[in-house]
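Note that the structure is predicted; figures quoted are calculated from it, not measured.
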Amino acid sequence: MSRNDLAISSAFLVALAATLSALFIGEVLGQMPCTLCWYQRIAMFPLVPVLAISLWRGDGLARLYGLPLALAGLVLSGWHSGLYAGLIPQSIAPCTKDGPSCTDQAQTILSLPIPYLAFAAFAAVLACLILSKGKRP
């Protein structure tokens with residue numbers, strides 16, 4: 001296995017774990033996602049098939065398609081983490097009064113805040129994609 005394949009495989013496994021975790025939290029635990037969580041899912045969920053197809057084809061296009069998604073997710077999860085930590089004023093939170101709050105302190109899994117876990121997942125995927133060589137087809 002080449003260094004490029006290892007980096008893309010690692011990114012795929014992180015994205016898959018994050019996707020399955022988000023589905024578990026929502027569908028099994030019944031925790032409704034806030035608005036920012038939905039946006040982060042929009043960035044994370046497509047990474048799984050994009051990275052899987054790139055690995056299967058061996059074409060190295062994972063960087064081309066994966067970097068914008070991972071970067072968008074990192075920015076969104078960074079914003080969400082800032083709201084959660086109180087670094088960004090809650091008055092500009094995008095969550096509505098009817099849905100779950102972006103800053104709800106109950107947003108934890110195994111005592112770890114979900115916004116921080118999302119940030120770590122996007123950072124790991126981004127790092128793996130940057131470390132991959134990315135060749136042209």
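The two atoms that bring Ala121 and Ala18 nearest to each other are CB-CB, 4.1 Å, heavy atoms only. The minimum heavy-atom distance between Gly66 and Val50, with the atom names listed, is N-CG1, 4.3 Å. In terms of heavy-atom proximity, Phe122 sits nearest to Ser77 at CD1-OG, 3.8 Å. Looking at every heavy atom in both residues, Ala15 comes nearest to Leu47 through CB-CB, 4.0 Å. Shortest non-hydrogen contact noted between Pro49 and Pro46 is CD-O, 3.2 Å.
Sorted by first and then second residue, the side chain to side chain donor-acceptor pair (under 3.5 Å) pairs involving residues 40-51 (not counting sequence neighbours) are Gln40-His80. Contacts classified as ring pair (Phe, Tyr, Trp, His ring centres under 6.0 Å) and involving residues 40-66 (residues at least two apart or in different chains) are not found.
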- Passes side-chain contact (heavy atoms from CB on, under 4.5 Å), Trp79 versus Leu83? Steps please. CA-CA 6 Å; Trp79 182 267; Leu83 281 169; 3.5 Å; yes
- Task: Carefully, step by step, assess Leu13 and Leu51 under the rule side-chain contact (heavy atoms from CB on, under 4.5 Å).
- Result: CA-CA 9 Å; Leu13 291 175; Leu51 296 171; over 6 Å; no
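Rounded to the nearest 0.5 Å, atoms CG (Leu23) and OG1 (Thr19) are 7.0 Å apart. The CZ atom of Phe12 sits 11.5 Å away from the CD1 atom of Ile8 when rounded to the nearest 0.5 Å. Here the CG-CE distance, from Leu69 to Met44, works out to 9.5 Å after rounding to the nearest 0.5 Å.
Two different hydrophobic clusters hold Leu76 and Leu74 under the rule that ILVMFWY side chains link at heavy-atom gaps under 4.5 Å. Hydrophobic clustering, with ILVMFWY side chains joined whenever heavy atoms are under 4.5 angstrom apart, keeps Leu64 apart from Leu131. With hydrophobic clusters built from ILVMFWY side chains whose heavy atoms lie under 4.5 angstrom apart, Phe119 does not share a cluster with Tyr116. Taken together through direct or relayed side-chain contacts under 4.5 Å among Ile, Leu, Val, Met, Phe, Trp and Tyr, Leu126 and Tyr39 form parts of separate hydrophobic clusters. No continuous path of ILVMFWY side-chain contacts below 4.5 Å connects Leu55 to Leu6, so the two sit in separate hydrophobic clusters.
Every side chain to side chain contact (heavy atoms under 4.5 Å, CB included) that Leu87 has, sequence neighbours left out, goes to Ala85.
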